[in-house]
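Below is one structure, written out as structure tokens; comments come after it.
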Amino acid sequence: MAEPNIVLARIDNRLIHGQVATQWNSYVGGNLILVANDEVASNKMRQNLMDMAAPAGVATRYFTLQKTIDVIHKAAARQHIFLVIETPEDALALVEGGVPIKSLNIGNMHMSEGKRQVATSVAVDDKDVAAFKKLQELGVELVIQRVPTTAVEDSDKLFS
């Protein structure tokens, strides 16, 4: 079974928005933006809003975590997949389910109740930290970078 051509896997709690669509996708050369998210997979209104932000000529798909696990290995080699994930827990579920994520770009994880700011655009709680530790144990490289033009931040910040 061929390995899917995942050009970038990114955690971004906004999923598809201007930054993802314009800067990251053009940087990595994706021709398919795949949002792996249980809630969005069945929410046509959110899908339509994200479709408006997607670059022209780039396909979008909205799959549950389980459907992503089930079908990612059936992707054609010509599909350059930009995988967008909402949370570290979702990323962990995908990796444990067999999705071959070797490196995980950590973008926007907004501040909210119970979270602490650890990087420019990353706030975590203990659940997030536990998921990041497990991902690292599974061999996934963690890269904190808001946009391609900003410096990579030290991933050790995730564990502080």
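For this chain, numbers begin at 1 and follow the sequence in order. Both backbone and side-chain heavy atoms feed into the values below; hydrogens, waters and symmetry mates do not. On a predicted model such as this, the values are computed, not experimentally measured, just so you know.
With Tyr62 as the partner, the side chain to side chain contact (heavy atoms under 4.5 Å, CB included) test is satisfied by one option alone out of Asp51, Thr68, Asn43: Asp51.
For the pair Asn48 (side chain) and Lys44 (backbone), a donor-acceptor distance under 3.5 Å is present. With hydrogens and angles ignored, the 3.5 Å screen pairs a side-chain donor or acceptor of Ser121 with a backbone N or O of Gly107. No donor-acceptor pair under 3.5 Å is formed between the side chain of Asp128 and the backbone N or O of Thr87. Proximity of a side-chain donor or acceptor of Glu86 to a complementary backbone N or O of Leu15 within less than 3.5 Å is not detected. Of the possible polar contacts, none joining the Glu96 side chain to the Ala93 backbone as a donor-acceptor pair under 3.5 Å is found. No donor-acceptor distance shorter than 3.5 angstrom exists from the side chain of His110 to the backbone of Arg14, with no hydrogens or angles considered. Trp24 places no side-chain N or O within 3.5 Å of a backbone atom of Arg10 that could act as its donor or acceptor partner. In terms of modelled atom types and a separation under 3.5 Å, the side chain of Gln145 and the main chain of Ile106 share no donor-acceptor contact. One N or O on the side chain of Asn25 and one on the backbone of Gly30 form a donor-acceptor pair closer than 3.5 Å. Judged by distance alone, the side chain of Gln117 and the main-chain N or O of Ala119 form a donor-acceptor pair under 3.5 Å.
Hydrophobic clustering keeps Val28 apart from Leu34 (ILVMFWY residues linked when any side-chain heavy atoms are closer than 4.5 Å, directly or through intermediates). A chain of hydrophobic side-chain contacts below 4.5 Å, direct or via other Ile, Leu, Val, Met, Phe, Trp or Tyr residues, connects Ile69 to Val140. Linking ILVMFWY side-chain heavy atoms closer than 4.5 Å, directly or via other members, places Ile101 and Val7 in two distinct hydrophobic clusters. Hydrophobic cluster membership differs between Leu49 and Val40, with clusters built from Ile, Leu, Val, Met, Phe, Trp and Tyr side chains linked at under 4.5 angstrom. Val95 is not connected to Leu8 by any chain of hydrophobic side-chain contacts under 4.5 Å among Ile, Leu, Val, Met, Phe, Trp and Tyr, and they are in different clusters.
One finds a salt bridge joining Asp126 and Arg116 here, because a Lys/Arg side-chain nitrogen approaches an Asp/Glu carboxylate oxygen to under 4.0 Å.
Scanning both residues, Val147 and Thr150, for their nearest heavy atoms gives O-OG1, 2.9 Å. The two residues Arg61 and Ala59 come nearest to each other via the heavy atoms NH1-CB, 3.8 Å. Nearest heavy-atom pair across Val143 and Ser103 is CG2-OG, 3.7 Å. Across all their heavy atoms, Ile16 and Ala53 have their closest contact at CG2-CB, 4.1 Å.
Rounding to the nearest 0.5 Å gives a distance of 7.5 Å between CG of Asp156 and CD of Gln136. With rounding to the nearest 0.5 angstrom, the CG atom of Leu135 is 5.0 Å from the CG atom of Leu92. Atom CG of residue Leu32 and atom CZ of residue Arg78 lie 10.5 Å apart, to the nearest 0.5 angstrom. Taking CE from Met52 and NE2 from His17, the interatomic distance works out to 15.5 Å, rounded to the nearest 0.5 Å. We find the CD1-CD1 distance between Ile81 and Ile33 to be 12.0 Å, quoted to the nearest 0.5 Å.
At least one side-chain heavy atom of Val99 sits under 4.5 Å from a side-chain heavy atom of Ile6. You'll find the side chain of Phe82 stays beyond 4.5 Å of the side chain of Thr60, heavy atoms only. Under the 4.5 Å side-chain criterion, counting only non-hydrogen atoms from C-beta, Ile11 is in contact with Met109. Leu65 has its side chain out of reach of Asn37: every pair of non-hydrogen atoms, C-beta onward, lies at least 4.5 Å apart. Annotation: side chain of Pro4 is in contact with side chain of His73 (closest heavy-atom distance under 4.5 Å).
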Evaluate side-chain contact (heavy atoms from CB on, under 4.5 Å) for Val35 paired with Phe63, printing each intermediate quantity in order. CA-CA 6 Å; Val35 174; Phe63 294 164; over 6 Å; no

What verdict does the side-chain contact (heavy atoms from CB on, under 4.5 Å) test give for Leu104 and Ile85, after you've listed the backbone C-alpha separation in whole Å, the side-chain angles of each residue and the deciding distance to 0.1 Å? CA-CA 10 Å; Leu104 184 61; Ile85 307 157; 4.3 Å; yes

Could you go through Val152 and Ile144, starting from their C-alpha distance and side-chain angles, then the distance that decides it, and tell me whether this counts as side-chain contact (heavy atoms from CB on, under 4.5 Å)? CA-CA 6 Å; Val152 172; Ile144 303 171; 5.7 Å; no

Dump the intermediate steps for salt bridge (Lys or Arg N to Asp or Glu O under 4.0 Å) on Glu137 and Lys133, then the final yes or no. CA-CA 6 Å; Glu137 288 168 13; Lys133 281 183 178 162; over 6 Å; no

Go through Thr149 and Gln23 one step at a time and tell me if the side-chain contact (heavy atoms from CB on, under 4.5 Å) criterion holds. CA-CA 9 Å; Thr149 55; Gln23 294 186 47; 4.2 Å; yes

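By the 6.0 Å contact criterion, OH on Tyr27 is open, its count of non-hydrogen atoms from other residues, nucleotides or ligands being 12 or less.
With hydrogens and angles left out, the side-chain atoms of Asn13 and Asn108 include no donor and acceptor closer than 3.5 Å.
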